[in-house]
Amino acid sequence: MSFTLDPRLEADSVFIADGPLSQLRLMDDARFPWLVLVPRVPGATEWIDLDGASQRLLLAEINQAGALLRVHFAPVEKLNIGALGNIVRQLHVHVVGRREGDAAWPGPVWGAGTRRTYGADTPDLAAQLARAFDDLPGALLPGPC
């Protein structure tokens, strides 16, 4: 069984880069700095479907995504991290940069208002994020376990 991205994730987000475990994607909603990590583990729907090494690696990738949001979308006042999976069962982790007074503040971003896409800016933004992701310090990732 090979990795296949859920069509709903593909439709709502844009590919940025492949990390060691996960595909890093930009959620196409310009109201929020919002990244999604999708582990390339066939059949994984829950955190507990990952072995310990993969869990540690996913945690490190969450840290990278948070750092990327803080650097590229500054100021980010709060990071929201969630893996709900009630609609899209494929394991994926949302890392959302929040700012006081944003379109959903102080509530959750899910189901808040109407999405506003990046439109024509999407390819340039994805390329900028990919470059910034490549420039993140490798120290954010764990060494061999």
Would the distance check show the side chain of [X] and the main-chain N or O of [Y] forming a donor-acceptor pair, the cut-off being under 3.5 Å?
{"X": "T122", "Y": "G119", "result": "yes"}
{"X": "D124", "Y": "D121", "result": "no"}
{"X": "S54", "Y": "L50", "result": "no"}

Heavy-atom pair with the smallest gap, counting every atom of [X] and [Y]:
{"X": "H92", "Y": "P39", "answer": "CA-CD, 4.4 Å"}
{"X": "L136", "Y": "A67", "answer": "CD2-CB, 4.2 Å"}
{"X": "H94", "Y": "W34", "answer": "ND1-NE1, 2.9 Å"}
{"X": "V41", "Y": "L21", "answer": "CG2-CD1, 3.9 Å"}
{"X": "Q90", "Y": "T4", "answer": "NE2-O, 2.9 Å"}
{"X": "I48", "Y": "Q55", "answer": "CA-NE2, 3.9 Å"}

Neighbour count above 12 (heavy atom, 6.0 Å) for R40 CZ: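 Yes - once you tally the heavy atoms of other residues, nucleotides and ligands closer than 6.0 Å, there are more than 12.
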Would you call R89-D6 a salt bridge at under 4.0 Å N-O?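 A salt bridge is absent here (no side-chain N lies under 4.0 Å from a carboxylate O).
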Do [X] and [Y] have side chains that approach each other closer than 4.5 Å (heavy atoms only, starting at C-beta)?
{"X": "L24", "Y": "F133", "answer": "yes"}
{"X": "V14", "Y": "Y118", "answer": "no"}
{"X": "K78", "Y": "E100", "answer": "no"}
{"X": "H72", "Y": "P33", "answer": "no"}
{"X": "Q23", "Y": "L9", "answer": "no"}
{"X": "L35", "Y": "L69", "answer": "yes"}
{"X": "P108", "Y": "N80", "answer": "no"}
{"X": "E77", "Y": "R98", "answer": "no"}

Where do R25 and D12 land on the salt bridge (charged side-chain N to carboxylate O under 4.0 Å, His left out) test, with the steps shown first? CA-CA 9 Å; R25 302 185 67 83; D12 290 344; over 6 Å; no
Give, for atom OG of S13 and atom CE of M27, the distance between the pair rounded to the nearest 0.5 Å.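 Nearest 0.5 Å value for the OG-CE distance: 6.5 Å.
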From L91 atom CG to T45 atom OG1, the distance as rounded to the nearest 0.5 Å: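 Going from CG on L91 over to OG1 on T45, the span is 7.5 Å.
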Is [Y] reachable from [X] through a run of hydrophobic residues whose side-chain heavy atoms are each under 4.5 Å from the next?
{"X": "F73", "Y": "L37", "value": "yes"}
{"X": "V38", "Y": "L68", "value": "no"}
{"X": "I87", "Y": "F32", "value": "yes"}

Evaluate side chain to side chain contact (heavy atoms under 4.5 Å, CB included) for L79 paired with R70, printing each intermediate quantity in order. CA-CA 9 Å; L79 290 173; R70 282 182 165 171; 4.2 Å; yes
